[in-house]
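Remarks on the structure that follows.
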Protein chains: 2
Amino acid sequence: MISTKGDYGVRALIDLAVHAGEGPVQRADIASRRHISESYLDHLLAQLRRDGFIRSTRGPGGGHELAKPAADLCLLHVLESLEGSLAPIGCVHEDSADDEHDPLCGQQWVWRELYDGMRERLAEISVAELVEREQAREQAIAPSYSI
Amino acid sequence: MISTKGDYGVRALIDLAVHAGEGPVQRADIASRRHISESYLDHLLAQLRRDGFIRSTRGPGGGHELAKPAADLCLLHVLESLEGSLAPIGCVHEDSADDEHDPLCGQQWVWRELYDGMRERLAEISVAELVEREQAREQAIAPSYSI
DNA sequence: ACAATGCTGACCAAGTTGGTCGAGAATAAC
DNA sequence: GTTATTCTCGACCAACTTGGTCAGCATTGT
């Protein structure tokens with residue numbers, strides 16, 4: 001349900017958040033720091049750009065930047081941009097009204113309950129929080145780490 | 001994350017639960033009542049049999065039956081049987097210890113949180129509950145329905 | 001002008017999904 | 001013990017998704 005698309009895309013946003021304020025970050029840097037194929041990353045960045053999460057500039061010194069503060073980027077929107085619907089199964093859609101039942105899918109309420117639960121959790125988590133957690137982890141592993 | 005495998009498999013179990021106590025239920029009946037391809041259903045029943053959810057008998061008058069009361073069949077186990085791991089992403093496994101991190105997947109805690117949340121919910125729902133809800137829905141739609 | 005950088009779309013191999021099909025095995029009824 | 005019924009198992013298949021590569025173009029700083 002969440003493929004490497006979402007995983008990699010989130011990693012890329014974290015990278016941009018970590019290096020926010022240092023000017024555009026280049027594709028190649030993100031790719032090497034986050035262990036993502038450079039050309040694959042292209043497609044993910046394109047999607048993130050289309051949905052307004054990042055801003056990109058071309059030419060020498062160009063690169064990618066967050067379009068908004070990391071605290072305003074919630075995981076739900078990012079993942080839905082990258083993955084399409086997070087619905088656990090076809091018959092449940094975000095925008096389906098309550099009375100719009102697939103008559104063959106009597107278990108819809110179960111899938112919807114799962115779906116809603118997931119989306120609620122994801123809506124509470126921002127990219128900024130992921131950055132904090134990552135930095136806490138780095139501290140724990142290598143307290144003297146710095147560049 | 002949940003494909004028609006899980007969906008169809010659950011439908012089949014509901015069908016068996018509804019007709020429990022009436023002797024073996026035949027593949028063809030399940031398939032037609034629940035709108036599943038008969039030969040595809042074969043594979044799902046095979047899996048459910050392997051994992052001890054149902055019992056099957058061959059020959060005329062044969063068919064399939066629940067191996068335990070419907071109240072004892074929780075959705076979590078059924079779905080994990082049919083779908084394999086329900087993990088939303090590769091780096092999270094049910095049996096991975098807390099200190100077993102993929103060093104490249106710093107966001108593991110997010111996926112794990114989602115995963116654990118889902119599994120908790122699914123563990124609380126039994127096939128019996130699905131049957132009750134289905135019957136409640138039938139009442140609501142066609143109060144005079146009976147066979 | 002040229003080099004650095006992003007942008008885009010075509011293409012591809014491998015795996016998954018949702019099936020179909022056919023040969024065979026068990027068993028109840030005759 | 002033959003036959004009809006029913007499940008069992010494995011091979012096969014088309015369509016789609018995933019995770020990627022690649023070439024060529026667009027933009028822009030120097």
Side-chain angles (χ1 to χ4, degrees), chain A residues 1-12 15-16 23-32 34-51 53-67 79 82-91 104-105, chain B residues 1-12 15-16 23-32 34-51 53-67 79 82-91 104-105:
Chain A
M1 171 200 81
I2 292 170
S3 64
T4 58
K5 259 184 226 166
D7 185 16
Y8 290 177
V10 168
R11 291 191 206 184
D15 201 82
L16 294 184
V25 179
Q26 282 142 37
R27 176 181 71 170
D29 293 339
I30 306 174
S32 80
R34 302 291 162 165
H35 306 91
I36 310 173
S37 143
E38 205 170 326
S39 7
Y40 190 38
L41 183 54
D42 258 5
H43 298 301
L44 308 179
L45 291 174
Q47 185 60 44
L48 292 172
R49 193 180 328 115
R50 252 175 258 132
D51 283 346
F53 296 111
I54 65 176
R55 221 180 308 113
S56 309
T57 51
R58 302 201 239 201
H64 310 270
E65 293 169 287
L66 292 186
L79 289 176
L82 291 162
E83 301 278 358
S85 168
L86 300 177
I89 199 168
C91 58
L104 302 181
C105 187
Chain B
M1 170 199 84
I2 292 169
S3 64
T4 56
K5 260 185 226 168
D7 185 16
Y8 289 178
V10 168
R11 291 190 204 184
D15 202 82
L16 294 184
V25 179
Q26 282 143 38
R27 177 180 68 168
D29 293 339
I30 305 174
S32 80
R34 301 291 162 165
H35 306 91
I36 310 173
S37 143
E38 203 170 327
S39 6
Y40 189 38
L41 184 55
D42 255 6
H43 298 303
L44 307 179
L45 291 173
Q47 185 60 44
L48 291 172
R49 193 181 328 114
R50 254 174 258 132
D51 284 346
F53 297 110
I54 65 175
R55 222 180 308 113
S56 309
T57 50
R58 302 200 241 200
H64 311 270
E65 293 169 288
L66 291 187
L79 288 175
L82 291 163
E83 301 277 358
S85 168
L86 299 178
I89 199 168
C91 58
L104 302 181
C105 187

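Keep in mind that this is a model prediction, so the values were computed, not measured. Residue numbers begin at 1 in each chain, while the letters A, B, ... track the order of the sequences.
For the pair Arg58(B) CZ and dT8(D) C1', the interatomic distance rounds to 5 Å; values are reported in whole Å. We find that CD of Gln26(B) is positioned 12 Å from C1' of dA28(C), with the value rounded to whole Å. Straight-line distance from the CD atom of Glu65(A) to the P atom of dT5(C): 14 Å, rounded to whole Å. Rounding to whole angstrom units, CD of residue Gln47(A) and C1' of dG9(C) are separated by 15 Å. Rounded to an integer number of Å, the gap from Met1(B) CE to dT17(D) C1' is 17 Å. Counting to the nearest Å, the P atom of dG6(C) and the CD1 atom of Ile54(A) are 10 Å from each other. Residue Ile2(A) contributes atom CD1, which lies 17 Å from atom C1' of dG19(D) at whole-angstrom precision. Rounded to whole Å, the distance from NE2 on His64(A) to C1' on dT27(D) is 13 Å.
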Contact string for nucleotides 15-22 of chain C, one letter per nucleotide 5' to 3', B = base within protein heavy-atom range under 4.0 Å, S = sugar-phosphate only, - = neither, reads --SBBB--

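Within the 4.5 Å cutoff, no side-chain heavy atoms of Gln47(A) are placed close to those of Phe53(A). Looking at Glu83(B) and Ser3(B), their side chains come closer than 4.5 Å, going by heavy atoms from C-beta outward.
Electrostatic pairing of Arg11(A) and Asp7(A) counts as a salt bridge here, judged by a charged N lying under 4.0 Å from a carboxylate O.
Put simply, Arg50(A) has no side-chain N or O that comes within less than 4.0 Å of OP1 or OP2 on dT8(C). Within the 4.0 Å cut-off from OP1 or OP2 of dA26(C), not a single side-chain nitrogen or oxygen of Thr57(B) is found. Applying the 4.0 Å criterion to OP1 and OP2 of dT6(D), one finds that Arg27(B) has every side-chain N and O outside that range. Using a 4.0 Å cut-off, no side-chain N or O of Arg55(B) falls inside it from OP1 or OP2 of dC7(D).
The CZ atom of Arg27(B) sits 7.0 Å away from the OG atom of Ser39(B) when rounded to the nearest 0.5 Å. Between atom CZ of residue Arg34(A) and atom CG of residue Asp29(A) there is a gap of 11.5 Å, rounded to the nearest 0.5 Å. Remark: Leu44(B) CG to Thr4(B) OG1 distance equals 7.5 Å, nearest 0.5 Å.
With sequence neighbours left out, Arg55(B) forms a salt bridge (Lys or Arg N to Asp or Glu O under 4.0 Å) with Glu65(B).
Judged by closest nucleotide on DNA chain D, Ile36(A) is the one of Gly61(A) and Ile36(A) placed further toward the 5' end.
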